[in-house]
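FYI, side chains are in, hydrogens and waters are out, and symmetry mates aren't considered; it's all heavy atoms of this structure. The structure displayed is predicted, hence computed values, not measured ones.
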Amino acid sequence: MAKKNILVIEDNHAILDVITLILESEAFNVDGLNKGANFINHVKEFNPDVIIMDIMLPDVDGRVLLKELKDTEVTKDIPVLMISARYNANNYTVDGLEADDFMAKPFNIDELMDKIYALLKK
């Protein structure tokens with residue numbers, strides 16, 4: 001089975017590093033971004049199977065990126081796991097646009113992996 005690509009967008013380098021290490025140990029190809037600039041171009045190049053995205057980014061709200069992703073024909077079917085320390089599953093949506101899943105920070109590694117595997121099955 002081919003390795004799956006996971007794109008992580010997280011501005012906290014420590015969290016990005018931890019998620020990257022965990023995913024690589026599970027034999028995923030991982031690419032990380034710490035801001036939203038050139039997001040769609042990056043997604044098209046890397047072709048992720050799942051995107052893990054923080055809402056609070058230094059240059060853009062992750063929910064704006066989610067909308068851009070879902071409004072773009074070639075990227076609209078990529079499952080997205082939104083993560084946030086400030087929001088929760090009931091209050092993070094904008095204009096009714098929801099990610100495929102949501103996880104509050106700090107999160108449990110097993111929960112993260114369960115959510116990723118569930119999204120890969122979609």
Open item on the list: Could you check whether R86 makes a cation-pi contact with Y92, meaning its NZ or CZ is under 6.0 Å from the centre of the six-membered ring and within 45° of the ring axis?
Closed with: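 Pair R86/Y92 does not count as cation-pi.
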Calculate, to the nearest 0.5 Å, the distance between atoms [atom1] and [atom2] belonging to [X] and [Y] respectively.
X    : Y    : atom1 : atom2 : value
I109 : E111 : CD1   : CD    : 10.0 Å
T72  : N41  : OG1   : CG    : 9.5 Å
L120 : I116 : CG    : CD1   : 7.5 Å
I15  : N34  : CD1   : CG    : 12.5 Å
D114 : M103 : CG    : CE    : 10.0 Å
L69  : K67  : CG    : NZ    : 11.5 Å

- [ ] Looking only at non-hydrogen atoms, find the nearest pair between A99 and L66 and report the distance.
- [x]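 The answer is N-CD2, 3.7 Å.
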Open item on the list: Looking at N38, I want to see if its CG is surrounded by more than 12 non-hydrogen atoms of other residues, nucleotides or ligands under 6.0 Å.
Closed with: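 Not more than 12 within 6.0 Å, no.
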Ignoring hydrogens and geometry, is there a side-chain-to-backbone donor-acceptor pair from [X] to [Y] under 3.5 Å?
X   : Y   : value
K70 : K76 : yes
D17 : A14 : no
D95 : L97 : no
T93 : E98 : no

If hydrophobic clusters are built from ILVMFWY residues whose side chains come within less than 4.5 Å, do [X] and [Y] share one?
X   : Y   : result
L57 : L81 : no
F39 : V74 : no
V43 : L33 : yes
V80 : I9  : yes
F46 : V50 : no

Under 4.5 Å between any side-chain heavy atoms of [X] and [Y], yes or no?
X   : Y   : result
I55 : I83 : no
M56 : D11 : no
E10 : M53 : no
V60 : K35 : no
V64 : D61 : yes

Open item on the list: What verdict does the side chain to side chain contact (heavy atoms under 4.5 Å, CB included) test give for D54 and M82, after you've listed the backbone C-alpha separation in whole Å, the side-chain angles of each residue and the deciding distance to 0.1 Å?
Closed with: CA-CA 6 Å; D54 190 9; M82 296 295 279; over 6 Å; no
TODO: Check the pair I6, D31 against side chain to side chain contact (heavy atoms under 4.5 Å, CB included), reporting the backbone distance first and the verdict last.
DONE: CA-CA 6 Å; I6 299 191; D31 196 4; over 6 Å; no
Task: Worked verdict on D101 versus K115 for salt bridge (charged side-chain N to carboxylate O under 4.0 Å, His left out) - done: CA-CA 7 Å; D101 205 346; K115 287 180 179 286; 3.1 Å; yes
TODO: Could you point out which residue of L119, I51, D49 forms a side-chain contact (heavy atoms from CB on, under 4.5 Å) with P79?
DONE: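 That would be L119; it is the only one of L119, I51, D49 passing the side-chain contact (heavy atoms from CB on, under 4.5 Å) with P79.
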Contacts table for residues 18-30: side-chain donor-acceptor under 3.5 angstrom, sequence neighbours left out:
from : atom 1 : to   : atom 2 : distance (Å)
T20  : OG1    : L16  : O      : 2.7
S25  : OG     : I22  : O      : 2.6
E26  : OE1    : Y117 : OH     : 2.8
N29  : ND2    : N5   : OD1    : 3.1

